[in-house]
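Reviewing the structure listed below.
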Number of protein chains: 2
Amino acid sequence: MSDLERNEKELSFGRRLARLGAAWRRQVDRDLHEYGLTEATWRPVLYLGLLPPPVRQTDLVRALEIEAPSVARLLDVLERRDLVFRSPDSEDKRSKLVSLTEKGERTARQVRHAVEAVSSRLLQGISTPELQACYSVFERIEANLCQRASTPAGEQA
Amino acid sequence: MSDLERNEKELSFGRRLARLGAAWRRQVDRDLHEYGLTEATWRPVLYLGLLPPPVRQTDLVRALEIEAPSVARLLDVLERRDLVFRSPDSEDKRSKLVSLTEKGERTARQVRHAVEAVSSRLLQGISTPELQACYSVFERIEANLCQRASTPAGEQA
DNA sequence: CGCAAATGGTTTGTATGCTTAATAACTGTA
DNA sequence: TACAGTTATTAAGCATACAAACCATTTGCG
(Lines give C-alpha, C1' and ligand atoms only; values in the text may rest on other atoms or scores of the structure.)
Protein backbone atom coordinates (compact mmCIF):
# COMPACT_ATOMS: atom_id res chain seq x y z
CA MET A 1 0.00 0.00 0.00
CA SER A 2 2.95 2.33 0.56
CA ASP A 3 3.51 2.68 -3.15
CA LEU A 4 -0.05 3.72 -3.63
CA GLU A 5 0.04 6.11 -0.73
CA ARG A 6 3.17 7.78 -2.00
CA ASN A 7 1.38 8.21 -5.27
CA GLU A 8 -1.64 9.71 -3.56
CA LYS A 9 0.48 12.38 -1.97
CA GLU A 10 1.87 13.42 -5.29
CA LEU A 11 -1.41 13.63 -7.10
CA SER A 12 -1.66 16.66 -9.28
CA PHE A 13 -3.78 19.53 -8.16
CA GLY A 14 -6.34 18.74 -10.85
CA ARG A 15 -6.64 15.18 -9.70
CA ARG A 16 -7.16 16.31 -6.12
CA LEU A 17 -9.87 18.70 -7.21
CA ALA A 18 -11.76 16.02 -9.10
CA ARG A 19 -11.35 13.52 -6.29
CA LEU A 20 -12.52 15.82 -3.56
CA GLY A 21 -15.37 17.20 -5.62
CA ALA A 22 -16.63 13.71 -6.37
CA ALA A 23 -16.32 12.62 -2.75
CA TRP A 24 -18.17 15.72 -1.62
CA ARG A 25 -21.03 15.10 -4.00
CA ARG A 26 -21.16 11.49 -2.92
CA GLN A 27 -21.77 12.64 0.64
CA VAL A 28 -24.75 14.73 -0.40
CA ASP A 29 -26.02 11.92 -2.59
CA ARG A 30 -25.88 9.50 0.28
CA ASP A 31 -27.84 11.83 2.54
CA LEU A 32 -30.46 12.49 -0.12
CA HIS A 33 -30.83 8.94 -1.29
CA GLU A 34 -33.49 8.33 1.30
CA TYR A 35 -35.62 11.05 -0.28
CA GLY A 36 -35.58 9.10 -3.51
CA LEU A 37 -33.30 11.56 -5.21
CA THR A 38 -30.75 9.56 -7.13
CA GLU A 39 -27.41 10.94 -8.17
CA ALA A 40 -27.78 14.41 -9.58
CA THR A 41 -31.54 14.84 -9.70
CA TRP A 42 -31.37 16.88 -6.54
CA ARG A 43 -29.44 19.66 -8.21
CA PRO A 44 -32.22 20.99 -10.43
CA VAL A 45 -34.55 20.92 -7.45
CA LEU A 46 -32.07 22.86 -5.34
CA TYR A 47 -31.51 25.52 -7.98
CA LEU A 48 -35.21 25.83 -8.73
CA GLY A 49 -35.56 26.75 -5.07
CA LEU A 50 -32.79 29.33 -5.31
CA LEU A 51 -33.23 31.08 -8.65
CA PRO A 52 -35.68 33.98 -8.83
CA PRO A 53 -38.70 32.98 -10.94
CA PRO A 54 -39.58 32.80 -13.71
CA VAL A 55 -37.01 30.13 -14.51
CA ARG A 56 -36.69 28.93 -18.07
CA GLN A 57 -34.88 25.73 -18.94
CA THR A 58 -32.04 27.78 -20.33
CA ASP A 59 -31.63 29.43 -16.96
CA LEU A 60 -31.23 25.98 -15.45
CA VAL A 61 -28.74 25.04 -18.13
CA ARG A 62 -26.60 27.99 -17.11
CA ALA A 63 -27.04 27.49 -13.38
CA LEU A 64 -26.38 23.75 -13.40
CA GLU A 65 -23.63 24.05 -15.98
CA ILE A 66 -24.79 20.98 -17.82
CA GLU A 67 -26.01 20.82 -21.39
CA ALA A 68 -29.57 21.46 -22.49
CA PRO A 69 -30.37 17.83 -23.36
CA SER A 70 -29.26 16.72 -19.90
CA VAL A 71 -31.51 19.27 -18.28
CA ALA A 72 -34.42 18.26 -20.46
CA ARG A 73 -34.11 14.64 -19.46
CA LEU A 74 -33.66 15.41 -15.79
CA LEU A 75 -36.79 17.55 -15.90
CA ASP A 76 -38.66 14.69 -17.55
CA VAL A 77 -37.79 12.53 -14.57
CA LEU A 78 -38.63 15.19 -12.02
CA GLU A 79 -41.90 15.97 -13.75
CA ARG A 80 -42.85 12.32 -13.66
CA ARG A 81 -42.17 12.33 -9.93
CA ASP A 82 -44.35 15.36 -9.48
CA LEU A 83 -41.54 17.54 -8.19
CA VAL A 84 -41.59 20.12 -10.99
CA PHE A 85 -43.86 21.17 -13.83
CA ARG A 86 -43.32 22.97 -17.08
CA SER A 87 -45.59 25.73 -18.32
CA PRO A 88 -45.53 27.75 -21.53
CA ASP A 89 -43.76 31.09 -21.45
CA SER A 90 -46.09 33.81 -22.66
CA GLU A 91 -43.10 36.00 -23.47
CA ASP A 92 -41.50 33.48 -25.83
CA LYS A 93 -43.36 30.59 -27.34
CA ARG A 94 -40.17 28.58 -27.76
CA SER A 95 -39.32 28.46 -24.11
CA LYS A 96 -40.89 26.79 -21.12
CA LEU A 97 -41.02 27.95 -17.55
CA VAL A 98 -40.06 25.42 -14.93
CA SER A 99 -41.49 25.56 -11.42
CA LEU A 100 -41.47 23.43 -8.31
CA THR A 101 -44.68 21.73 -7.30
CA GLU A 102 -45.65 21.92 -3.66
CA LYS A 103 -44.00 18.57 -3.12
CA GLY A 104 -41.01 19.95 -4.99
CA GLU A 105 -40.82 22.94 -2.64
CA ARG A 106 -40.68 20.64 0.36
CA THR A 107 -38.03 18.53 -1.31
CA ALA A 108 -36.03 21.63 -2.18
CA ARG A 109 -35.93 22.59 1.48
CA GLN A 110 -34.70 19.13 2.40
CA VAL A 111 -32.07 19.30 -0.29
CA ARG A 112 -30.89 22.69 0.89
CA HIS A 113 -30.72 21.37 4.42
CA ALA A 114 -28.71 18.33 3.38
CA VAL A 115 -26.32 20.36 1.26
CA GLU A 116 -25.69 22.79 4.08
CA ALA A 117 -25.25 20.00 6.60
CA VAL A 118 -22.64 18.26 4.48
CA SER A 119 -20.89 21.52 3.81
CA SER A 120 -20.58 22.49 7.43
CA ARG A 121 -19.54 18.99 8.43
CA LEU A 122 -16.81 18.78 5.83
CA LEU A 123 -15.50 22.28 6.48
CA GLN A 124 -15.31 21.68 10.20
CA GLY A 125 -12.08 22.97 11.69
CA ILE A 126 -11.19 25.12 8.70
CA SER A 127 -10.91 28.83 9.33
CA THR A 128 -12.40 31.54 7.18
CA PRO A 129 -9.03 32.94 6.10
CA GLU A 130 -7.99 29.47 5.01
CA LEU A 131 -11.15 29.14 2.97
CA GLN A 132 -10.59 32.52 1.46
CA ALA A 133 -7.08 31.54 0.53
CA CYS A 134 -8.52 28.58 -1.31
CA TYR A 135 -11.09 30.72 -3.08
CA SER A 136 -8.35 33.09 -4.12
CA VAL A 137 -6.40 30.24 -5.69
CA PHE A 138 -9.55 28.89 -7.33
CA GLU A 139 -10.27 32.25 -8.88
CA ARG A 140 -6.83 32.56 -10.33
CA ILE A 141 -7.09 29.06 -11.79
CA GLU A 142 -10.42 30.02 -13.34
CA ALA A 143 -8.81 33.09 -14.80
CA ASN A 144 -6.05 30.92 -16.26
CA LEU A 145 -8.71 28.63 -17.67
CA CYS A 146 -10.21 31.41 -19.70
CA GLN A 147 -6.82 32.70 -20.79
CA ARG A 148 -6.10 30.57 -23.83
CA ALA A 149 -8.87 28.06 -23.70
CA SER A 150 -7.65 25.77 -26.46
CA THR A 151 -3.90 25.43 -26.79
CA PRO A 152 -2.98 22.35 -28.80
CA ALA A 153 -0.90 19.89 -26.84
CA GLY A 154 2.09 19.93 -29.13
CA GLU A 155 3.48 23.40 -28.74
CA GLN A 156 6.95 22.03 -29.32
CA ALA A 157 6.29 22.49 -33.05
CA MET B 1 -26.29 37.88 -16.14
CA SER B 2 -25.65 39.79 -12.90
CA ASP B 3 -28.03 37.59 -10.98
CA LEU B 4 -26.20 34.54 -12.19
CA GLU B 5 -22.85 36.02 -11.42
CA ARG B 6 -23.84 36.90 -7.89
CA ASN B 7 -24.91 33.33 -7.48
CA GLU B 8 -21.62 32.10 -8.85
CA LYS B 9 -19.73 34.00 -6.20
CA GLU B 10 -21.71 32.40 -3.46
CA LEU B 11 -21.32 28.87 -4.67
CA SER B 12 -20.59 26.46 -1.90
CA PHE B 13 -17.12 25.11 -1.56
CA GLY B 14 -18.27 21.71 -2.80
CA ARG B 15 -19.76 23.22 -5.90
CA ARG B 16 -16.57 25.11 -6.60
CA LEU B 17 -14.55 21.95 -6.24
CA ALA B 18 -16.71 20.04 -8.67
CA ARG B 19 -16.79 22.92 -11.14
CA LEU B 20 -13.08 23.48 -11.13
CA GLY B 21 -12.27 19.79 -11.26
CA ALA B 22 -14.54 19.32 -14.26
CA ALA B 23 -13.13 22.35 -16.02
CA TRP B 24 -9.60 21.16 -15.38
CA ARG B 25 -10.29 17.76 -16.84
CA ARG B 26 -12.00 19.33 -19.80
CA GLN B 27 -8.77 21.18 -20.58
CA VAL B 28 -6.80 17.97 -20.66
CA ASP B 29 -9.51 16.26 -22.66
CA ARG B 30 -9.44 19.00 -25.22
CA ASP B 31 -5.70 18.75 -25.63
CA LEU B 32 -5.82 14.97 -25.93
CA HIS B 33 -8.80 14.77 -28.21
CA GLU B 34 -6.54 15.02 -31.23
CA TYR B 35 -4.80 11.83 -30.15
CA GLY B 36 -8.11 10.04 -30.36
CA LEU B 37 -8.38 9.70 -26.61
CA THR B 38 -11.93 10.47 -25.66
CA GLU B 39 -12.93 11.61 -22.22
CA ALA B 40 -11.30 9.47 -19.60
CA THR B 41 -9.57 6.82 -21.67
CA TRP B 42 -6.33 8.70 -21.29
CA ARG B 43 -6.21 8.08 -17.56
CA PRO B 44 -5.51 4.33 -17.67
CA VAL B 45 -2.82 4.99 -20.26
CA LEU B 46 -1.23 7.65 -18.06
CA TYR B 47 -1.21 5.46 -14.97
CA LEU B 48 0.07 2.45 -16.87
CA GLY B 49 3.03 4.63 -17.74
CA LEU B 50 3.55 5.63 -14.12
CA LEU B 51 2.93 2.51 -12.05
CA PRO B 52 5.83 0.11 -11.60
CA PRO B 53 5.11 -3.12 -13.49
CA PRO B 54 3.70 -5.65 -13.24
CA VAL B 55 0.32 -3.91 -13.13
CA ARG B 56 -2.77 -5.98 -12.50
CA GLN B 57 -6.24 -4.67 -13.21
CA THR B 58 -6.78 -4.32 -9.50
CA ASP B 59 -3.80 -2.02 -9.30
CA LEU B 60 -5.44 0.17 -11.90
CA VAL B 61 -8.69 0.10 -9.99
CA ARG B 62 -6.91 1.50 -6.97
CA ALA B 63 -4.87 4.02 -8.92
CA LEU B 64 -7.76 5.32 -11.02
CA GLU B 65 -10.21 5.17 -8.14
CA ILE B 66 -12.96 3.83 -10.32
CA GLU B 67 -14.67 0.50 -9.93
CA ALA B 68 -13.38 -2.72 -11.40
CA PRO B 69 -16.10 -3.09 -14.05
CA SER B 70 -15.36 0.40 -15.33
CA VAL B 71 -11.69 -0.42 -15.62
CA ALA B 72 -12.46 -3.66 -17.44
CA ARG B 73 -14.52 -1.86 -20.02
CA LEU B 74 -11.97 0.89 -20.53
CA LEU B 75 -9.29 -1.73 -21.06
CA ASP B 76 -11.49 -3.45 -23.63
CA VAL B 77 -11.58 -0.21 -25.56
CA LEU B 78 -7.87 0.44 -25.19
CA GLU B 79 -7.04 -3.11 -26.17
CA ARG B 80 -9.12 -2.78 -29.30
CA ARG B 81 -7.17 0.36 -30.13
CA ASP B 82 -3.91 -1.47 -29.65
CA LEU B 83 -2.78 0.75 -26.80
CA VAL B 84 -2.66 -1.94 -24.11
CA PHE B 85 -2.69 -5.70 -23.89
CA ARG B 86 -3.58 -8.16 -21.16
CA SER B 87 -1.49 -11.18 -20.33
CA PRO B 88 -2.02 -13.94 -17.78
CA ASP B 89 -0.40 -13.50 -14.39
CA SER B 90 1.72 -16.55 -13.62
CA GLU B 91 1.59 -15.70 -9.93
CA ASP B 92 -2.20 -15.71 -9.73
CA LYS B 93 -4.36 -17.33 -12.35
CA ARG B 94 -7.31 -15.12 -11.50
CA SER B 95 -5.59 -11.92 -12.39
CA LYS B 96 -4.34 -10.42 -15.60
CA LEU B 97 -1.37 -8.19 -16.13
CA VAL B 98 -1.95 -5.07 -18.15
CA SER B 99 0.82 -3.51 -20.20
CA LEU B 100 1.21 -0.74 -22.71
CA THR B 101 1.92 -1.68 -26.29
CA GLU B 102 4.65 0.25 -28.04
CA LYS B 103 2.00 2.55 -29.45
CA GLY B 104 0.61 2.78 -25.93
CA GLU B 105 4.00 3.87 -24.59
CA ARG B 106 4.17 6.68 -27.08
CA THR B 107 0.64 7.72 -26.24
CA ALA B 108 1.44 7.63 -22.53
CA ARG B 109 4.26 10.09 -23.07
CA GLN B 110 1.94 12.41 -24.96
CA VAL B 111 -0.64 12.15 -22.22
CA ARG B 112 1.91 12.91 -19.55
CA HIS B 113 3.09 15.88 -21.53
CA ALA B 114 -0.44 17.21 -21.98
CA VAL B 115 -1.32 16.71 -18.32
CA GLU B 116 1.78 18.52 -17.19
CA ALA B 117 1.25 21.33 -19.67
CA VAL B 118 -2.30 21.94 -18.50
CA SER B 119 -1.23 21.76 -14.89
CA SER B 120 1.52 24.30 -15.22
CA ARG B 121 -0.63 26.58 -17.32
CA LEU B 122 -3.51 26.56 -14.87
CA LEU B 123 -1.30 26.98 -11.83
CA GLN B 124 0.52 29.91 -13.36
CA GLY B 125 0.98 32.75 -10.91
CA ILE B 126 0.19 30.67 -7.85
CA SER B 127 2.94 30.36 -5.28
CA THR B 128 4.02 27.17 -3.59
CA PRO B 129 2.87 28.29 -0.13
CA GLU B 130 -0.55 29.07 -1.56
CA LEU B 131 -0.74 25.63 -3.09
CA GLN B 132 0.32 24.07 0.16
CA ALA B 133 -2.37 26.00 1.99
CA CYS B 134 -4.88 24.48 -0.40
CA TYR B 135 -3.50 21.01 0.10
CA SER B 136 -3.73 21.48 3.82
CA VAL B 137 -7.40 22.38 3.56
CA PHE B 138 -8.01 19.48 1.19
CA GLU B 139 -6.47 17.08 3.62
CA ARG B 140 -8.61 18.25 6.47
CA ILE B 141 -11.72 17.93 4.32
CA GLU B 142 -10.66 14.39 3.45
CA ALA B 143 -10.25 13.66 7.13
CA ASN B 144 -13.75 15.00 7.79
CA LEU B 145 -15.03 12.82 4.98
CA CYS B 146 -13.86 9.70 6.71
CA GLN B 147 -15.09 10.84 10.08
CA ARG B 148 -18.72 9.75 10.05
CA ALA B 149 -19.18 8.67 6.50
CA SER B 150 -22.95 8.18 6.59
CA THR B 151 -24.90 10.54 8.79
CA PRO B 152 -28.59 10.61 7.86
CA ALA B 153 -29.75 14.04 6.73
CA GLY B 154 -32.33 14.53 9.44
CA GLU B 155 -30.29 14.82 12.61
CA GLN B 156 -32.89 17.20 14.05
CA ALA B 157 -34.71 14.08 15.29
C1' DC C 1 -42.00 42.21 -45.79
C1' DG C 2 -38.90 38.07 -46.17
C1' DC C 3 -35.17 35.24 -45.43
C1' DA C 4 -30.82 34.04 -42.73
C1' DA C 5 -29.06 33.40 -38.30
C1' DA C 6 -29.65 32.71 -33.51
C1' DT C 7 -32.08 30.62 -29.66
C1' DG C 8 -34.97 27.21 -26.80
C1' DG C 9 -36.12 22.64 -26.53
C1' DT C 10 -36.12 17.64 -27.70
C1' DT C 11 -34.41 13.23 -29.73
C1' DT C 12 -30.90 9.97 -30.63
C1' DG C 13 -26.57 7.78 -30.17
C1' DT C 14 -22.41 7.28 -27.57
C1' DA C 15 -19.31 7.40 -23.47
C1' DT C 16 -18.50 6.65 -18.79
C1' DG C 17 -19.57 5.59 -14.32
C1' DC C 18 -21.90 2.55 -10.65
C1' DT C 19 -24.31 -1.55 -8.58
C1' DT C 20 -25.39 -6.26 -8.51
C1' DA C 21 -24.45 -10.78 -9.66
C1' DA C 22 -21.76 -14.52 -11.80
C1' DT C 23 -17.41 -17.19 -12.44
C1' DA C 24 -12.84 -18.65 -11.42
C1' DA C 25 -9.05 -19.03 -8.41
C1' DC C 26 -6.73 -18.38 -4.13
C1' DT C 27 -6.28 -18.80 1.18
C1' DG C 28 -6.82 -20.61 5.52
C1' DT C 29 -8.43 -23.88 8.60
C1' DA C 30 -9.96 -28.21 10.26
C1' DT D 1 -8.15 -33.10 1.41
C1' DA D 2 -12.43 -30.35 1.79
C1' DC D 3 -14.96 -26.42 2.50
C1' DA D 4 -15.82 -21.48 3.64
C1' DG D 5 -14.57 -17.03 2.75
C1' DT D 6 -12.03 -13.71 -0.02
C1' DT D 7 -10.29 -11.72 -4.25
C1' DA D 8 -9.83 -10.80 -9.55
C1' DT D 9 -12.30 -10.34 -13.43
C1' DT D 10 -16.36 -10.11 -16.29
C1' DA D 11 -21.38 -9.43 -17.53
C1' DA D 12 -25.73 -7.05 -17.46
C1' DG D 13 -28.53 -3.18 -16.42
C1' DC D 14 -29.18 1.52 -14.96
C1' DA D 15 -28.06 6.66 -14.42
C1' DT D 16 -26.13 10.58 -16.24
C1' DA D 17 -23.40 13.34 -19.19
C1' DC D 18 -22.23 14.99 -23.99
C1' DA D 19 -22.51 15.98 -29.06
C1' DA D 20 -24.98 16.06 -33.26
C1' DA D 21 -29.13 16.63 -35.59
C1' DC D 22 -33.70 18.27 -35.56
C1' DC D 23 -37.97 21.37 -35.07
C1' DA D 24 -40.21 25.68 -33.74
C1' DT D 25 -39.80 30.35 -32.83
C1' DT D 26 -37.68 34.71 -32.57
C1' DT D 27 -34.51 38.24 -34.08
C1' DG D 28 -32.17 41.02 -37.20
C1' DC D 29 -30.92 42.75 -41.52
C1' DG D 30 -31.67 43.84 -46.30
Side-chain angles (χ1 to χ4, degrees), chain A residues 1 18-19 21-23 25-30 32-33 36-46 54-81 84-98 150, chain B residues 1 18-19 21-23 25-30 32-33 35-47 54-81 83-98:
Chain A
M1 191 71 81
R19 244 172 67 97
R25 197 188 62 173
R26 224 172 297 132
Q27 291 292 309
V28 182
D29 285 349
R30 185 183 341 236
L32 285 173
H33 191 248
L37 292 170
T38 63
E39 281 288 331
T41 44
W42 55 265
R43 293 190 58 230
V45 174
L46 175 68
V55 179
R56 295 169 308 156
Q57 291 193 197
T58 305
D59 298 327
L60 277 178
V61 165
R62 280 193 269 271
L64 296 169
E65 290 179 280
I66 60 181
E67 298 302 313
S70 310
V71 169
R73 207 154 35 168
L74 283 178
L75 290 181
D76 289 345
V77 172
L78 295 174
E79 210 167 26
R80 234 175 290 131
R81 292 203 202 158
V84 310
F85 64 95
R86 291 185 250 216
S87 45
D89 179 359
S90 53
E91 304 286 309
D92 185 337
K93 274 181 224 155
R94 291 169 304 177
S95 81
K96 298 176 185 172
L97 302 181
V98 187
S150 62
Chain B
M1 190 70 82
R19 243 173 67 97
R25 196 188 62 173
R26 223 171 299 132
Q27 292 291 309
V28 181
D29 285 349
R30 188 188 333 242
L32 285 173
H33 190 248
Y35 296 116
L37 292 171
T38 63
E39 280 289 332
T41 44
W42 56 265
R43 294 190 57 229
V45 174
L46 174 68
Y47 278 86
V55 179
R56 294 168 308 156
Q57 290 192 195
T58 305
D59 298 326
L60 277 178
V61 165
R62 280 193 268 270
L64 297 170
E65 290 179 281
I66 60 181
E67 298 302 313
S70 309
V71 170
R73 202 162 35 174
L74 284 177
L75 290 180
D76 290 343
V77 172
L78 294 174
E79 209 167 27
R80 235 175 291 130
R81 293 204 203 157
L83 291 168
V84 311
F85 63 96
R86 291 185 249 216
S87 44
D89 180 359
S90 53
E91 303 286 308
D92 185 338
K93 274 180 222 155
R94 292 169 305 177
S95 79
K96 299 176 183 172
L97 302 182
V98 187

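It should be emphasised that the depicted structure is a prediction, and the values quoted were computed from it without experimental measurement. Order of the sequence lines sets the chain letters (A, B, ...), proteins ahead of strands, with each chain counted from 1.
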For A:Ala68 and for B:Val61, find the nucleotide of DNA chain D with the closest heavy atom, then tell me which residue's nucleotide is more 5'.
-> B:Val61
Answer yes or no: is there a donor N or O on one side and an acceptor on the other, between the side chain of B:Arg56 and the main chain of B:Val98, under 3.5 Å?
-> no
Can you find a heavy atom in the side chain of B:Asp76 that is under 4.5 Å from one in the side chain of B:Arg86?
-> yes
Hey, is the main chain of B:Ala18 close enough, under 3.5 Å, to the side chain of A:Arg25 for a donor-acceptor pair?
-> no
Taking the side chain as every heavy atom from C-beta outward, state whether A:Val28 and A:Leu32 have any pair of such atoms under 4.5 Å apart.
-> yes
Check whether any side-chain heavy atom of A:Ile66 lies under 4.5 Å from a side-chain heavy atom of A:Leu74, and answer yes or no.
-> yes
For D:dT9, does OP1 or OP2 lie under 4.0 Å from any side-chain N or O of B:Thr58?
-> yes
Protein-nucleotides 15-17 of chain C N/O pairs closer than 3.5 Å?
{"residue": "C:dT16", "atom": "OP1", "partner": "B:Thr38", "partner atom": "O", "Å": "2.6"}
{"residue": "C:dT16", "atom": "OP1", "partner": "B:Thr38", "partner atom": "OG1", "Å": "3.1"}
{"residue": "C:dT16", "atom": "OP1", "partner": "B:Ala40", "partner atom": "N", "Å": "3.4"}
{"residue": "C:dG17", "atom": "N7", "partner": "B:Arg73", "partner atom": "NH2", "Å": "2.6"}
{"residue": "C:dG17", "atom": "O6", "partner": "B:Arg73", "partner atom": "NH2", "Å": "2.8"}

For atom CG of A:Asp29 and atom P of C:dC18, their distance in whole Å | 13 Å
Minimum heavy-atom distance between A:Asp89 and A:Ser95, given as atom pair plus value | OD2-OG, 2.9 Å
Name the nucleic acid region contacted by B:Arg86, choosing base, sugar-phosphate or nothing; use a 4.0 angstrom heavy-atom cut-off, strictly under.
-> sugar-phosphate
Presence of A:Gln57 side-chain N/O under 4.0 Å of C:dT10 phosphate oxygens OP1/OP2 | yes
Side-chain heavy atoms of A:Val71 within contact of A:Glu67, under 4.5 Å = no
Can you tabulate the close N/O pairs, meaning under 3.5 Å, that link protein atoms to atoms of nucleotides 21-27 of chain D?
{"residue": "D:dT25", "atom": "O2", "partner": "A:Arg94", "partner atom": "NH1", "Å": "3.4"}
{"residue": "D:dT26", "atom": "OP1", "partner": "A:Lys93", "partner atom": "N", "Å": "2.9"}

Atom CG of A:Leu75 to atom P of C:dG8: distance rounded to whole Å?
-> 15 Å
Using a 4.5 Å cut-off on heavy atoms from C-beta on, say whether the side chain of A:Leu64 contacts that of A:Pro44.
-> yes
Whole-Å gap separating C1' (D:dA15) and CG (A:Asp76) = 14 Å
Can you name the closest pair of heavy atoms from B:Thr41 and B:Thr38 and give their distance?
-> OG1-O, 2.7 Å
Can you tell me how far C1' of D:dT7 sits from CG of B:Asp59, to the nearest Å?
-> 13 Å
